[in-house]
Amino acid sequence: MGEHSWAAAPAAAERARSVLDTAWSCAVTADGGREEFVGAHTVTEDGRVRLQVPEDSALLAAAICAPRGEPSAVLEFADVSPVPVRNRIRARLWLAGWFVPEDGDLVFRATRVVLREPSGAVVVDLDEFAAAAPDPLATAEARLLTHLADCHSDAVERLTRLVEPDSLHGAVKVQPIAVDRHGLTLRIERTRAQGDVRLPFHRPADDVAQLTERMHVLLTQAASASCPRALQRQRTDGDG
């Protein structure tokens, strides 16, 4: 891969807060039952989840009737790639704790936070989780990635010049699957498998304008790199 002076990735707490803040749906397991809520939760600055539930929800009844008003529960959030690829779930986030009824809503107090990504699962420190902020590009990520995939496939292909040739062996398709302030991740799809490759930025991007500059730097580096042999063979064989 090309030379970069910045190789950082989001910390687990930051990644967990990004998943929490951008997830549209939430699955809640409590009192032996499971309910799915869509567009019903908001997040406070310190990472607490406020959930709006129907008056006839079993979850609300459990929260009101439980001793001390604190039933144990597990909340699950999924981080789904906005670009259509195999295995679109990029991460899952679980919060264990309890609900407290407040002003007609349920406020969740987490006692354990677990983030699971393809690299494995990690328990996130509660203080770090409460203090972390979502990635500044998180809410714009879906729009940015779909635009890159739909309108700039030539740029995506050019960026593969920054990928080690061995990582492209057997590749039939390359798609942008994630972007954050630290870098861009490409999904390398093969006939029966897939893998992800990260292209780190030379320094973090705190907004879309800075992201544009970071992408231009990557493309400039890619322009001076040779075309990976794996993709050359792919074009020759007619598989690309």
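In this chain, numbering begins with 1 at the start of the sequence shown.
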When rounded to the nearest 0.5 angstrom, what is the spacing between [atom1] in [X] and [atom2] in [Y]?
| X | Y | atom1 | atom2 | value |
| --- | --- | --- | --- | --- |
| L199 | R214 | CG | CZ | 15.0 Å |
| L51 | T42 | CG | OG1 | 8.5 Å |
| F37 | L75 | CZ | CG | 9.0 Å |
| L93 | C26 | CG | SG | 9.5 Å |
| R203 | R181 | CZ | CZ | 12.5 Å |
| T29 | L59 | OG1 | CG | 10.0 Å |

Transitively linked via ILVMFWY side-chain contacts under 4.5 Å: [X] with [Y]?
| X | Y | value |
| --- | --- | --- |
| V74 | L20 | no |
| V114 | W98 | no |
| V49 | W94 | no |
| V217 | L162 | no |
| V53 | V107 | no |

Within the 4.5 Å heavy-atom criterion, are [X] and [Y] side-chain neighbours or not?
| X | Y | value |
| --- | --- | --- |
| V83 | I177 | no |
| V80 | R90 | no |
| H202 | E213 | yes |
| L218 | F201 | yes |
| V28 | F108 | no |
| L106 | R50 | no |
| V208 | Q210 | no |
| R88 | V85 | yes |

[X] (side chain) donor-acceptor with [Y] (main chain) under 3.5 angstrom:
| X | Y | value |
| --- | --- | --- |
| T220 | H216 | yes |
| T146 | A142 | yes |
| T111 | A96 | yes |
| R34 | A27 | no |
| R86 | A193 | yes |

Between R187 and Q175, a side-chain donor and acceptor under 3.5 Å: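 Not at all, the side chains of R187 and Q175 share no donor-acceptor pair under 3.5 Å.
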Residues S57 and E35: side-chain donor-acceptor under 3.5 angstrom: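 Per modelled atom types, S57 and E35 side chains form a pair under 3.5 Å.
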Within 45° cone and under 6.0 Å: R92 NZ/CZ vs F77 ring: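 No, R92 does not lie over the aromatic ring of F77.
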Nearest heavy atoms of [X] and [Y], plus distance in Å:
| X | Y | result |
| --- | --- | --- |
| S167 | V197 | CB-CG2, 4.0 Å |
| L115 | A12 | CD2-O, 3.8 Å |
| V124 | A16 | CG2-CB, 4.4 Å |
| R17 | D46 | NH1-C, 3.9 Å |
| A91 | E117 | CB-CG, 3.8 Å |
| L145 | P82 | CD1-CG, 3.9 Å |

Verdict with reasoning, D196 to L186, per side chain to side chain contact (heavy atoms under 4.5 Å, CB included): CA-CA 6 Å; D196 295 342; L186 300 179; over 6 Å; no
With a cut-off of 6.0 Å (strictly less than), are more than 12 heavy atoms of other residues, nucleotides or ligands near [atom1] of [X]?
| X | atom1 | answer |
| --- | --- | --- |
| R112 | CZ | no |
| R116 | CZ | no |
| E55 | CD | no |

Side chain to side chain contact (heavy atoms under 4.5 Å, CB included) assessment of L137 paired with L211: CA-CA 9 Å; L137 301 175; L211 172 65; 4.1 Å; yes
Intermediate values then yes/no, side chain to side chain contact (heavy atoms under 4.5 Å, CB included), T139 and D21: CA-CA 8 Å; T139 56; D21 278 45; 5.9 Å; no
Check against side chain to side chain contact (heavy atoms under 4.5 Å, CB included), T185 and V179: CA-CA 6 Å; T185 300; V179 68; over 6 Å; no
Carboxylate-amine/guanidinium contact R15 D79, below 4.0 Å: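 The answer is yes: the pair qualifies as a salt bridge.
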